Amino acid sequence: MDFQAGILQDGSPMESLEKQLICPICLEMFSKPVVILPCQHNLCRKCANDVFQAANPYWQGRSSVISGGRFRCPSCRHEVLLDRHGVYGLQRNLLVENIIDIYKQECSRPLKKGEHPMCKEHEDERINIYCVTCEVPTCSMCKVFGAHKDCEVAPLQTVFQGQKTELNNCISMLVAGNDRIQTIISQLEDSCQSTEENSEAAKRELCARFDALAALLEEKKAELLQRISQEQADKTAFIQSLICQYKEQLEKSSRLVETAIQAAEETGGAAFLMNAKQLIKTIVEASKGGRLDKIEQGYESMDAFTVSLDHLTEAVHALDFDPGNSPPTEEDEEYFDGEEEEGEEDAAPERTMMGKGTHLPRTLQHPQGSFGGLDPP
């Protein structure tokens with residue numbers, strides 16, 4: 001009586017039976033082989049072996065030199081002693097295994113083809129009519145004497161065919177809706193892939209344009225540096241030539257000074273006068289004709305080769321994507337056009353959902369056009 005009361009309290013007998021077939025280790029239904037412990041509790045052999053291995057880490061197998069081991073039952077904590085065979089020495093519970101097989105067969109047993117549902121109010125009556133008022137199937141006795149005696153009824157087969165047709169139509173509608181959703185998903189996936197491909201292409205083109213711009217700047221820089229170097233070479237060469245000329249003049253003047261000093265030291269009047277006039281004439285001519293070229297003030301300055309890059313800096317800061325290639329906004333089109341706009345999409349493919357993600361800006365322009373030259377003022 002207590003067992004039956006427990007079954008009724010817990011629910012259906014099958015649910016109660018299922019609770020009795022749960023392994024306390026894995027909390028799943030027993031998996032064969034099932035072993036029974038000396039305390040009469042059952043475990044999956046695999047779960048029992050896991051518990052035994054955890055309690056006896058040095059036990060390596062049935063051929064181990066260690067003779068047996070022990071562990072406690074997870075249900076009642078009773079100590080279980082095992083021989084050298086380990087959990088393989090425990091007896092299998094064939095009864096529990098057979099119950100598990102019967103339970104699984106019963107759970108998987110399909111409804112028999114000829115089985116007909118019976119009325120809950122009149123157990124001997126088959127359900128053979130349909131109450132249109134209450135929208136439930138019932139039996140003839142319920143219509144004559146039962147709860148549906150004042151209701152409108154119809155033949156079960158007629159309602160069955162009608163609702164089956166309606167259900168088939170609903171299924172067709174759901175399938176069509178699923179097909180449309182799948183189509184949209186495919187379009188979105190294609191759009192995502194196209195977006196990634198177009199983005200990578202735009203990145204490559206942007207890098208190529210900036211690389212070309214950097215190469216142009218390097219080329220122009222090299223050209224301007226060459227012009228500065230050429231001007232430097234010309235000026236330094238001219239200055240070096242002047243230095244050489246002045247050094248030659250200085251050397252001649254030093255020799256002339258030395259000659260004049262020697263003549264001035266001459267004590268004899270006749271000997272002095274023989275060379276003095278010509279020496280004086282030579283000194284006067286040297287002083288008149290010894291004027292060499294000079295460099296102008298600021299000749300060494302290189303200010304003429306200063307380049308202003310302010311306009312280029314402003315142009316670089318003003319760089320942006322070409323607004324003519326910007327993608328359409330949400331106000332221009334709806335993302336999901338629906339089946340009613342398919343004709344418009346065919347007439348204007350650039351406005352379809354697939355095209356929406358592919359319009360990427362590709363060109364870089366300055367609002368005022370070119371950057372201007374790099375020549376020095």
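In this chain, numbering begins with 1 at the start of the sequence shown. Here the structure is a predicted model, which means the values were calculated and not measured.
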Side-chain donor-acceptor distances from residues 25-38 under 3.5 Å, at least two apart:
residue, atom, partner, partner atom, Å
Lys32, NZ, Asp101, OD1, 3.4
Lys32, NZ, Asp101, OD2, 3.3

Quick one: does Thr313's side chain have a donor or acceptor within less than 3.5 Å of a partner on Leu309's backbone?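 The answer is yes, because a donor-acceptor pair under 3.5 Å joins these two groups.
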Taking the side chain from Tyr130 and the backbone from Glu135, do they hold a donor-acceptor pair closer than 3.5 Å?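 Yes; at least one donor-acceptor contact below 3.5 Å.
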Kindly indicate, with the supporting measurements, whether the criterion side-chain contact (heavy atoms from CB on, under 4.5 Å) is fulfilled by Arg209 and Glu205. CA-CA 6 Å; Arg209 288 180 179 272; Glu205 184 173 352; 3.3 Å; yes
Can you tell me if CD on Gln245 sees more than 12 non-hydrogen neighbours from other groups inside 6.0 Å?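 For Gln245, atom CD is crowded (more than 12 foreign heavy atoms under 6.0 Å).
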More than 12 heavy atoms of other groups within 6.0 Å of Lys46 NZ: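 At most 12 heavy atoms, drawn from other residues, nucleotides or ligands, come within 6.0 Å of this atom.
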Do [X] and [Y] share a hydrophobic cluster, counting only Ile, Leu, Val, Met, Phe, Trp and Tyr and linking them when any side-chain heavy atoms are less than 4.5 Å apart?
X      : Y      : value
Leu95  : Leu21  : yes
Val307 : Leu312 : yes
Ile283 : Ile280 : no

Mind checking salt bridge (charged side-chain N to carboxylate O under 4.0 Å, His left out) for Glu79 and listing every partner two or more places apart, or none if nothing turns up?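 Salt bridge (charged side-chain N to carboxylate O under 4.0 Å, His left out) list for Glu79, sorted by chain: Arg70.
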With sequence neighbours left out, write down each residue that passes salt bridge (charged side-chain N to carboxylate O under 4.0 Å, His left out) with Glu218, or none if nothing qualifies.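 Salt bridge (charged side-chain N to carboxylate O under 4.0 Å, His left out) list for Glu218, sorted by chain: Lys221.
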Let's go through Gln240 and Ile243 carefully: what are the C-alpha distance in whole Å and the side-chain angles of both, what is the deciding distance for side-chain contact (heavy atoms from CB on, under 4.5 Å) to 0.1 Å, and is it a yes or a no? CA-CA 5 Å; Gln240 290 294 338; Ile243 291 175; 4.2 Å; yes
Listed by chain and number, what are the side-chain hydrogen bond (donor to acceptor under 3.5 Å, both in side chains) partners of [X], not counting sequence neighbours?
X      : result
Arg255 : Glu251
Gln157 : none
Ser172 : none
Asp234 : Gln230

Are any non-hydrogen side-chain atoms of [X] and [Y] less than 4.5 angstrom apart?
X      : Y      : value
Leu216 : Lys220 : no
Glu197 : Gln193 : yes
Lys235 : Met302 : yes
Ser254 : Leu250 : yes
Leu167 : Gln163 : no
Gln226 : Glu223 : no
Arg227 : Leu224 : yes
His148 : Thr133 : no

Sequence neighbours excluded, which residues qualify as ring-ring contact (aromatic ring centres under 6.0 Å, His included) partners of Phe238?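 Partners of Phe238 under the ring-ring contact (aromatic ring centres under 6.0 Å, His included) test: Tyr299.
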Keeping to residues at least two apart or across chains, list the salt bridge (charged side-chain N to carboxylate O under 4.0 Å, His left out) pairs with something in residues 86-99.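 Those involving residues 86-99 are Arg92-Glu97.
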Can you see which heavy atom on [X] is nearest to which on [Y], and at what distance?
X      : Y      : answer
Tyr103 : Glu18  : OH-OE1, 2.9 Å
Pro137 : Ile127 : CB-CG2, 3.6 Å
Leu82  : Val87  : CD1-N, 3.8 Å
Asn128 : Cys139 : OD1-CA, 3.6 Å
Ser199 : Thr195 : OG-O, 2.6 Å
Asp83  : Gly89  : OD1-CA, 4.5 Å

Taking it one step at a time, do His317 and Glu314 satisfy side-chain contact (heavy atoms from CB on, under 4.5 Å)? CA-CA 5 Å; His317 284 301; Glu314 295 176 359; 5.7 Å; no
Under the side-chain contact (heavy atoms from CB on, under 4.5 Å) test, which residues partner [X], sequence neighbours left out?
X      : result
Glu248 : none
Cys192 : Glu196
Ala154 : Val132, Val159

Please determine whether side-chain contact (heavy atoms from CB on, under 4.5 Å) holds for the pair Phe52 and Leu43, giving the CA-CA distance in whole Å, both sets of side-chain angles, and the decisive distance to 0.1 Å. CA-CA 12 Å; Phe52 176 66; Leu43 294 175; over 6 Å; no
What is the distance from atom OG1 of Thr306 to atom CD1 of Ile228, rounded to the nearest 0.5 Å?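 Rounded to the nearest 0.5 Å, the OG1-CD1 separation comes to 8.0 Å.
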